[in-house]
*Asks:* 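Quick one: structure below, then a few questions.
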There are 2 protein chains.
Amino acid sequence: MTTPTKNGPASVKDIDIDVLEDTLSFYIRSLNIAVSRDLDEKLEGLDVAQGTGKITTLFLVDGNPGIRPSTIAQVILKDRSAMGRLVDQMEEHGLLQRKIAPEDSRAQALYITDRGALLAVHVRRLVTLQSREFFSDMTDEEHDVVLDILRRTYRRILERS
Amino acid sequence: MTTPTKNGPASVKDIDIDVLEDTLSFYIRSLNIAVSRDLDEKLEGLDVAQGTGKITTLFLVDGNPGIRPSTIAQVILKDRSAMGRLVDQMEEHGLLQRKIAPEDSRAQALYITDRGALLAVHVRRLVTLQSREFFSDMTDEEHDVVLDILRRTYRRILERS
DNA sequence: AAAAATTAGTTGCATTTGTCCACTATCCGA
DNA sequence: TCGGATAGTGGACAAATGCAACTAATTTTT
């Protein structure tokens, strides 16, 4: 009943992952790899693909004109230097524009460009689809339950940093 | 304190993240960053810290003597070359031992060392604690529900690859 | 009002990580 | 026995991450 035929002592299905079996961290980390790969495929060539933060930044700037890089950095859980480079990229791609924040000239205010806004429309659809599809094995109820719980967890993390 | 009202047009709490608000992918990816950081802290110095796969590999070899690198690679969602390097590291650290698989000399059979087994005992406790603590905002019911659903999702992903 | 402490952003660097691809050795099936 | 598939290795390379030092601007303190 166990023992596959050829694939060695243990094949993928009947493998014992020890305590990881009941470890939420493990599933979050594993699913992250899978979901990120899938997302990258679906977003291929879109100059918002690859790496965490570009999509969020696009939406954040689109929906919160004048938002600052450091605020976005908090949301995407990166430090300012990483954020700076992200903004560099996106500005080079013509997705957003940097201005000096009027009320504080240390800071910057970010604004979406037409190109960025257009891309946001597209990505908005793709991202939504990707997530639904990727987790399509779940029932709608399951999906909503998990979504609700993880959302709250994420919010709490933001509040603490 | 984070964000007084003067921190620009939008502060972290009242930011609109658009469709990401309802996108499970987003929360998986974000929580991954947070949970991975936290885990790295808790495992600091343990030569199983940093990066995905070491912990899983340790447990897999511990619980499935003679398991092959390529099998582990499937579980941790990495390719063979990445897996090879991981095994290199862990062998250098004296956590496991490579042998040639008796029934197939192309393949290798991995075995835990005493040092590896000892570390596994320690890590087993730490990992369990870390996950419970990190998600301690959830009720036990919430935790179990999410765990159950994500476990199944992960299993399905394994089956497809 | 001057000095000190904070904060925003930039830059360079070292480290890590993953990915792709080619290459060898071995095994299996026709 | 030949050809195709599989296991593992090694190199090259692009990206991402994190850290620390640095400038500039603002706020707080004295």
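The analysis underlying the following values was restricted to heavy atoms, covering all of them including side chains, and did not include hydrogens, waters or symmetry mates. Just so we're on the same page: letters track the sequence lines, and every chain starts at 1.
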*Asks:* Check the surroundings of atom CZ in Arg124(B): do more than 12 heavy atoms from other residues, nucleotides or ligands lie under 6.0 Å from it?
*Replies:* yes

*Asks:* Which one, dA25(D), dT9(D), dC27(C), comes nearest to the side chain of Arg80(B)?
*Replies:* dT9(D)

*Asks:* Take atom NZ of Lys78(B) and atom C1' of dT16(C), then tell me their distance rounded to the nearest Å.
*Replies:* 11 Å

*Asks:* Grab the CE-P distance between Met83(A) and dA8(C) for me, whole Å please.
*Replies:* 14 Å

*Asks:* Can you tell which of dT19(C), dA16(D), dA8(C) lies closest to the side chain of Arg106(A)?
*Replies:* dA8(C)

*Asks:* Is any NZ, NE, NH1 or NH2 atom of the basic residue among Arg160(B) and Asp137(A) found under 4.0 Å from an Asp or Glu carboxylate oxygen of the other?
*Replies:*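 Judged by the 4.0 Å cut-off on N to carboxylate O distance, Arg160(B) and Asp137(A) do form a salt bridge.
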
*Asks:* Roughly, in whole Å, what's the span from CG in Asp79(A) to C1' in dC19(D)?
*Replies:* 8 Å

*Asks:* Which whole-number value in Å describes the distance from Arg68(B) CZ to dC27(C) P?
*Replies:* 10 Å

*Asks:* Hey, which sits more toward the 5' end of DNA chain C by its nearest nucleotide, Ile33(A) or Pro69(A)?
*Replies:*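 Looking at the nearest nucleotide for each, Pro69(A) comes out on the 5' side.
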
*Asks:* Determine yes or no for a side-chain-to-main-chain donor-acceptor pair under 3.5 angstrom, with Thr23(B) supplying the side chain and Phe26(B) the backbone.
*Replies:*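 Not a single qualifying donor-acceptor pair exists.
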
*Asks:* Specify the closest pair of heavy atoms between Ser25(B) and Val35(A), including all atoms of both residues, with the distance to one decimal.
*Replies:*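 Where Ser25(B) meets Val35(A) most closely, the heavy atoms are OG-CG2, 3.4 Å.
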
*Asks:* Could you check which of dG8(D), dA8(C), dC19(D) has an atom nearest any side-chain atom of Arg85(A)?
*Replies:* dC19(D)

*Asks:* Just how far, in rounded Å, is C1' of dT17(C) from CG of Leu86(B)?
*Replies:*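 It is 11 Å, rounded to the nearest whole Å.
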
*Asks:* Rounded to whole angstrom units, what separation is found between the CD1 atom of Ile67(B) and the P atom of dA7(D)?
*Replies:*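 Those two atoms, CD1 and P, are 13 Å apart.
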
*Asks:* Classify the nucleic acid contact of Ala107(A) as base, sugar-phosphate or nothing, counting any heavy atom under 4.0 Å across all strands shown.
*Replies:* sugar-phosphate

*Asks:* Quick one: Asp47(B) CG to dT16(C) P, roughly how many Å, whole number?
*Replies:*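 Distance check: Asp47(B) CG to dT16(C) P gives 14 Å.
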
*Asks:* Separation of Arg37(B) atom CZ from dG18(D) atom C1', in whole Å?
*Replies:*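 My rounded result for the distance is 9 Å.
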
*Asks:* Give the nucleotide from the list dT26(C), dT9(D), dG9(C) with an atom nearest to the side chain of Asp104(B).
*Replies:*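 The listed nucleotide nearest to Asp104(B)'s side chain is dT26(C).
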
*Asks:* Less than 3.5 Å between a donor and an acceptor, one on the side chain of Ser81(A) and one on the base of dC19(D), is that the case here?
*Replies:* yes

*Asks:* Among dG11(D), dA7(D), dT17(C), which nucleotide sits nearest the side chain of Gln50(B)?
*Replies:* dT17(C)

*Asks:* Is the shortest side-chain N to carboxylate O distance from Asp144(A) to Arg151(A) below 4.0 Å?
*Replies:* no

